Amino acid sequence: MDFALSDDQRAIQDAARAFAEAEFLPNSARWDEDKHFPVNVMKQAAEMGFCGIYTGEEHGGLALGRVEAAVIFEELSRGDVSTAAFISIHNMATWMIDSFGSDDLRGRYVPDLVGMEKIASYCLTEPGSGSDAAALRTTARLDGDHYVLNGSKAFISGAGTSDVYVVMVRTGQDGPKGVSAIVVDKDAPGLSFGGQEKKMGWNSQPTAIVQFDDCRVPAANLLGKEGDGFRYAMAGLDGGRLNIAACSLGGARLALETAQEYVASRKQFGKAIGEFQNTQFKLADMATQLEAARLMVLRGAWAIDTGHPEKTKWCAMAKRLATDACFQIADEALQLHGGYGYLKDYPLERIVRDLRVHRILEGTNEIMRVIVARELSRQ
């Protein structure tokens, strides 16, 4: 067993860290306060290949593995959790088109997505079907050489700004076998967007309902065959869960580093609070939780890269463990700051707000437990 990153992986890590420290970290508080979607900075990330990390080289992707992706997203999220998380969603949508689309579809969309000349969103969740994704009701009816879509998608990151939407629709029977995936352009007739949601965190990215009212989409935009969409969506979510877990690692790491600096300088009762054993024990537990979470994420990434038969279970385990542990680490870091942690002068309250949603999206942590329990019962 080798727990060390290779020289190439360390070079990728260093590049992502340098970019995040230069472009994300100094702007994170302002993006959150102004609810600013930093498209120009994300395009700079695309120039480094970070918007097509595991997309194939044919259309400009880096063709890296999920281990490298996890390393990149941890570093980017240390600079800004919300923006890194959106880049992870964009990567997932781009990878789905590149992996399951026809040659024509890939050629039309993937180069622009890899360069972030176009921005992509992933559309699965609906107002009436969140955790029960297979119960989705957005329909796509074939009409000549077009599909006609009706329904809505909720909590969609990038909605209203993104140029491309990878949408899961019902083309057949109830349940997962009746679900298909189709690529929808922003200017498709019948596509509209709700008002921007007012959120607890993730303020550097827009979130809204996507509405389809007799929305006409070329039949050539179907990914693969009818009925394969749910399988594609779940394949995307294995990696998406690891991405979000990795984004939790970066936020928690910044929280821990900030807390270490603070307790070394903050004095109470005549000495730095970092000298109290209670504080030392708390920091030790936080560091241990962070390392354990990182190991789980890397194991899940390795499982995808090697095609391990238990990859879905390990990705669910990693997502559940990492997002819970990292939120707790950020909360403990805020607590160590006392009242100062509650102020926006420090990054802790923002990290806590941004990490909280990671326990909900890409499948709630309760659903992660369902997946793990189901897989255990099959052994």
Side-chain angles (χ1 to χ4, degrees), residues 42-43 45-66 68-69 87-124 138-149 153 156 158 162-172 176-191 210 212 215-240 243 304-307 311:
M42 289 193 294
K43 286 184 177 180
E47 292 174 4
M48 300 186 68
F50 296 156
C51 294
I53 298 170
Y54 37 84
T55 298
E57 292 178 321
E58 181 182 357
H59 294 297
L62 293 181
L64 295 175
R66 299 307 176 116
E68 289 82 6
I87 292 175
S88 83
I89 295 167
H90 176 89
N91 266 272
M92 180 168 65
T94 301
W95 173 82
M96 288 182 68
I97 296 174
D98 188 54
S99 297
F100 306 118
S102 65
D103 288 343
D104 171 69
L105 202 62
R106 293 168 61 236
R108 283 193 285 127
Y109 286 99
V110 176
D112 285 342
L113 293 173
V114 166
M116 223 173 199
E117 294 304 314
K118 290 184 177 180
I119 302 171
S121 289
Y122 174 86
C123 303
L124 175 62
T138 296
T139 60
R141 175 179 54 83
L142 190 60
D143 180 26
D145 58 358
H146 283 72
Y147 281 99
V148 180
L149 277 61
K153 299 292 181 177
I156 303 304
S162 291
D163 306 285
V164 177
Y165 299 83
V166 178
V167 186
M168 270 32 79
V169 295
R170 184 160 303 285
T171 53
K177 293 183 179 180
V179 176
S180 301
I182 193 165
V183 180
V184 181
D185 289 313
K186 183 180 180 179
D187 61 0
L191 178 65
V210 178
F212 306 94
C215 176
R216 296 187 66 84
V217 181
N221 281 23
L222 185 73
L223 291 183
K225 304 189 301 292
E226 285 193 6
D228 286 344
F230 193 76
R231 178 169 60 86
Y232 299 161
M234 294 303 104
L237 282 178
D238 275 347
N243 291 349
I304 292 182
D305 286 341
T306 59
K311 63 187 178 189

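What you see is a predicted model; the values in this text were computed from it and never measured.
- Taking 4.5 Å as the limit, every side-chain heavy atom of Phe230 sits out of range of all side-chain heavy atoms of Met168.
- Residues satisfying the side-chain contact (heavy atoms from CB on, under 4.5 Å) criterion with Thr139, sequence neighbours excluded, are Asn150.
- Applying the side-chain hydrogen bond (donor to acceptor under 3.5 Å, both in side chains) test to Arg216 and every residue at least two apart in sequence or in another chain returns Asp143.
- Here the closest heavy-atom approach between residue Ala140 and residue Thr171 is recorded as O-CG2, 3.6 Å.
- For residues 49-63, every residue pair satisfying the side chain to side chain donor-acceptor pair (under 3.5 Å) rule, not counting sequence neighbours, is listed here: Tyr54-Asn243, Glu58-Arg106.
- Of all non-hydrogen atoms in Val184 and Cys215, the two that sit nearest each other are CG1-SG, 4.2 Å.
- The CG atom of Asp305 lies 9.5 Å from the CG atom of Leu64; values are rounded to the nearest 0.5 Å.
- Residues Lys186 and Val164 have side chains not in contact (no heavy-atom distance under 4.5 Å, counting atoms from C-beta outward).
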Stepwise side chain to side chain contact (heavy atoms under 4.5 Å, CB included) check, Val179 with Arg170: CA-CA 5 Å; Val179 176; Arg170 184 160 303 285; 3.8 Å; yes
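- With a 4.5 Å cut-off on side-chain heavy atoms, Ile97 and Val166 count as touching.
- Residues passing the side-chain hydrogen bond (donor to acceptor under 3.5 Å, both in side chains) test with Asp238 are Thr312, sequence neighbours excluded.
- Listed by chain and residue number, Asp185, Asn221 satisfy the side-chain hydrogen bond (donor to acceptor under 3.5 Å, both in side chains) test with Tyr109 (two or more places apart in sequence, or in another chain).
- If you run side-chain contact (heavy atoms from CB on, under 4.5 Å) between Val217 and each of Leu222, Leu149, Val148, only Leu149 comes through.
- At least one side-chain heavy atom of Val169 sits under 4.5 Å from a side-chain heavy atom of Ser180.
- Atom CG of Leu62 is separated from atom SG of Cys51 by 10.0 Å, given to the nearest 0.5 angstrom.
- Between Lys43 and Met116, the closest heavy-atom pair is CE-O, 3.3 Å.
- Sequence neighbours left out, the pairs with a member in residues 107-119 that pass salt bridge (charged side-chain N to carboxylate O under 4.0 Å, His left out) are Asp104-Arg108.
- The aromatic ring centroids of Phe100 and Trp95 lie less than 6.0 Å from each other.
- In this structure, Ser121 and Ile156 approach most closely via the heavy-atom pair CB-CG2, 3.9 Å.
- Between Tyr232 and Leu223, the closest heavy-atom pair is CE1-O, 3.3 Å.
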Worked check of side chain to side chain contact (heavy atoms under 4.5 Å, CB included) between Val114 and Thr94: CA-CA 7 Å; Val114 166; Thr94 301; 4.2 Å; yes
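- Residues Gly158 and Tyr165 come closest through the heavy atom pair O-OH, 3.7 Å.
- In this structure the side chain of Leu237 reaches within 4.5 angstrom of the side chain of Leu124, judged on heavy atoms.
- With contacts defined as side-chain heavy-atom distances shorter than 4.5 Å, the pair Val167/Val210 does not qualify.
- Taking CG of Asn91 as the reference point, atom CG of Asp98 lies at 11.0 Å (rounded to 0.5 Å).
- For the pair Lys153/Phe212, a side-chain contact is recorded, criterion being any heavy-atom separation below 4.5 Å from C-beta on.
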